[in-house]
Engineer: 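Starting off with a structure, shown below.
Numbering of residues begins at 1 and proceeds along the displayed sequence.
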Amino acid sequence: MARKKIIAGNWKMNTTLKDGVKLAKDVKKKAKLGKNVSVIFGVPATHLHAVKMGIGRSTKLSVAAQNFNANDGGAFTGEISANMLKGISVNHVILGHSERREIFGEDDKMIAAKVSQAINNKITPIFCCGEPLKIRKSKKYVSFVAAQLRKGLFHLSAKDFSKVIIAYEPIWAIGTGMTASPEQAQEIHKKMRGMITKKYNAKIANNTSILYGGSVKPANAKELFSQPDVDGGLVGGASLKAKDFLAIIHAM
Ligand code: PEP
């Protein structure tokens, strides 16, 4: 079976509850999803339950948390656990986003622990990786991303790795309007698939969905998604407007 095509939105710290539920419902109403295409809404923690209720039961639409804590529970003021997500039937979580890495100091070790906690709780991690501009310019981006994969994901067994979604998000392209070219995205996605083949096997690599993120817009989505190793997108700014997000979904 062909690997899944996925368009995921990352709303970050945006939208009120009312606006967020309306946004998800508007997308649901108009989205025409092909057989192998699914949509994930990465919403603020306060919105998870209501958005989940708003979109109802669906095999093609899901809700993702933008973070959680790797511990089971206890004295972690302000945090939410995997178990809390499971309690409201949230089955996806975005992990290792560059904003979590850079602003909140999450390192590879913490992200690896969160990945394991997600898998152990039957939550699908959307694992983000990607290099800053300095590394891109130094041409060392392949080894930089390889290290992120190795440290954040490659502790998993083959069976568990096959449950992961990957999002390649070059930091220089996030929220900047500076999208990676389709060729730049394809180059690194192909390299990542090669690393997965080497670590696990070709079957697992071929079944892993690798999304591109970084200023995906209606105008550039089709070209990006037409690359053989780009299996969809993780979309920030453009996921906040139903019209734009729908155009991106329909470019898949
Ligand atoms: C993101 O935050 O994951 C992202 C890709 O943002 P944007 O699409 O706004 O660049």
Engineer: Just verifying a value: how many Å separate Phe245 CZ and Trp11 CH2, rounded to the nearest 0.5 Å?
Structural biologist: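 Between atom CZ of Phe245 and atom CH2 of Trp11 there are 9.0 Å.
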Engineer: Distance check, rounded to the nearest 0.5 Å: Leu133 atom CG versus Met178 atom CE?
Structural biologist: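 That separation rounds to 5.5 Å.
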Engineer: Restricting to salt bridge (charged side-chain N to carboxylate O under 4.0 Å, His left out), what partner residues turn up for Lys5, sequence neighbours left out?
Structural biologist: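 Partners of Lys5 under the salt bridge (charged side-chain N to carboxylate O under 4.0 Å, His left out) test: Asp231.
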Engineer: Going by ring-ring contact (aromatic ring centres under 6.0 Å, His included), name the residues that satisfy it together with Phe127, two or more places apart in sequence or in a different chain.
Structural biologist: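 In terms of ring-ring contact (aromatic ring centres under 6.0 Å, His included), with neighbours along the sequence ignored, Phe127 is linked to no residue.
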Engineer: In residues 155-165, what donor-acceptor pairs under 3.5 Å come from side-chain atoms, sequence neighbours left out?
Structural biologist:
from	atom 1	to	atom 2	distance (Å)
His155	NE2	Ala112	O	3.3
His155	NE2	Ser116	OG	2.8
Ser157	OG	Asp160	N	3.1
Asp160	OD1	Lys163	NZ	3.0
Ser162	OG	Lys159	O	2.6

Engineer: I want to check something: taking the side chain as every heavy atom from C-beta on, are Met192 and Ile166 in contact at a cut-off of under 4.5 Å?
Structural biologist: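 SC-SC contact between Met192 and Ile166 confirmed.
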Engineer: Is the number of heavy atoms from other residues, nucleotides or ligands within 6.0 Å of CD (Glu223) greater than 12?
Structural biologist: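 No, because the 6.0 Å sphere around CD of Glu223 holds 12 heavy atoms or fewer from other groups.
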Engineer: Tell me which pairs pass salt bridge (charged side-chain N to carboxylate O under 4.0 Å, His left out) where either residue lies in residues 53-72, with sequence neighbours left out.
Structural biologist: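 Checked against salt bridge (charged side-chain N to carboxylate O under 4.0 Å, His left out) - neighbours excluded - no pair reaches residues 53-72.
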Engineer: Among all residues two or more places apart in sequence or in another chain, which pass the salt bridge (charged side-chain N to carboxylate O under 4.0 Å, His left out) test with Glu102?
Structural biologist: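 Partners of Glu102 under the salt bridge (charged side-chain N to carboxylate O under 4.0 Å, His left out) test: none.
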Engineer: Residues two or more places apart in sequence or in another chain: which of them pass salt bridge (charged side-chain N to carboxylate O under 4.0 Å, His left out) with Glu99?
Structural biologist: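 Checked Glu99 against salt bridge (charged side-chain N to carboxylate O under 4.0 Å, His left out); matches are Lys12.
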Engineer: Does any non-hydrogen side-chain atom of Met195 lie less than 4.5 Å from one of Lys191?
Structural biologist: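 Yes, side chains in contact.
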Engineer: Sequence neighbours excluded, which residues qualify as side-chain contact (heavy atoms from CB on, under 4.5 Å) partners of Lys243?
Structural biologist: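 Lys243 satisfies side-chain contact (heavy atoms from CB on, under 4.5 Å) with no residue once adjacent residues are dropped.
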Engineer: Which hydrophobic side chains are connected to Met110, either touching it within the sub-4.5 Å cutoff or through other members that do?
Structural biologist: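 Besides Met110, the hydrophobic cluster comprises nothing; the residue is isolated.
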Engineer: Of all residues at least two apart in sequence or in a different chain, which pass the side-chain contact (heavy atoms from CB on, under 4.5 Å) check with Asp244?
Structural biologist: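 Scan of Asp244 (side-chain contact (heavy atoms from CB on, under 4.5 Å), adjacent residues dropped) gives Pro218, Ala238, Lys241.
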Engineer: Assess, by modelled atom type and distance only, whether the side chains of Asn91 and Lys86 contain a donor and an acceptor separated by less than 3.5 Å.
Structural biologist: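 Asn91 vs Lys86: donor-acceptor pair found between side chains.
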Engineer: Is a salt bridge present between Asp26 and Lys30, judged by a nitrogen-to-oxygen distance below 4.0 Å?
Structural biologist: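 Salt bridge flag = no for Lys30 with Asp26.
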Engineer: What distance do Leu234 atom CG and Ile94 atom CD1 have between them, rounded to the nearest 0.5 Å?
Structural biologist: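 Nearest 0.5 Å value for the CG-CD1 distance: 5.5 Å.
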Engineer: Only counting residues at least two apart or in another chain, list the ones meeting salt bridge (charged side-chain N to carboxylate O under 4.0 Å, His left out) with Arg101.
Structural biologist: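 Checked Arg101 against salt bridge (charged side-chain N to carboxylate O under 4.0 Å, His left out); matches are Asp108.
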Engineer: If you look at every heavy atom in Val145 and Gly130, which pair is closest and at what distance?
Structural biologist: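 Scanning both residues, the minimum pair turns out to be CG2-CA, 4.2 Å.
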Engineer: Quick check: are there more than 12 heavy atoms from other residues, nucleotides or ligands sitting under 6.0 Å from NE2 of His250?
Structural biologist: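 Check passes, neighbour count above 12.
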Engineer: Which atoms form the tightest heavy-atom contact between Asn69 and Gln117, and what is the distance?
Structural biologist: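 It is O-CG, 4.2 Å.
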Engineer: When you measure from the side chain of Ser209 to the backbone N and O of Lys4, does any donor-acceptor pair fall under 3.5 Å?
Structural biologist: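 Such a contact is found between Ser209 side chain and Lys4 backbone.
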Engineer: Checking Ser226 now: which residues fulfil side-chain contact (heavy atoms from CB on, under 4.5 Å) with it, not counting sequence neighbours?
Structural biologist: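 side-chain contact (heavy atoms from CB on, under 4.5 Å) check on Ser226 returns nothing, list empty.
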Engineer: According to side-chain contact (heavy atoms from CB on, under 4.5 Å), who are the partners of Gln184, at least two apart in sequence or on a separate chain?
Structural biologist: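 Testing Gln184 for side-chain contact (heavy atoms from CB on, under 4.5 Å), a comparison that skips the adjacent residues, returns Arg136, Trp172, Ala180, Ser181.
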Engineer: State whether the number of non-hydrogen atoms from other residues, nucleotides or ligands found under 6.0 Å of Lys28 atom NZ is greater than 12.
Structural biologist: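 Enclosed: over 12 neighbouring heavy atoms sit under 6.0 Å from NZ of Lys28.
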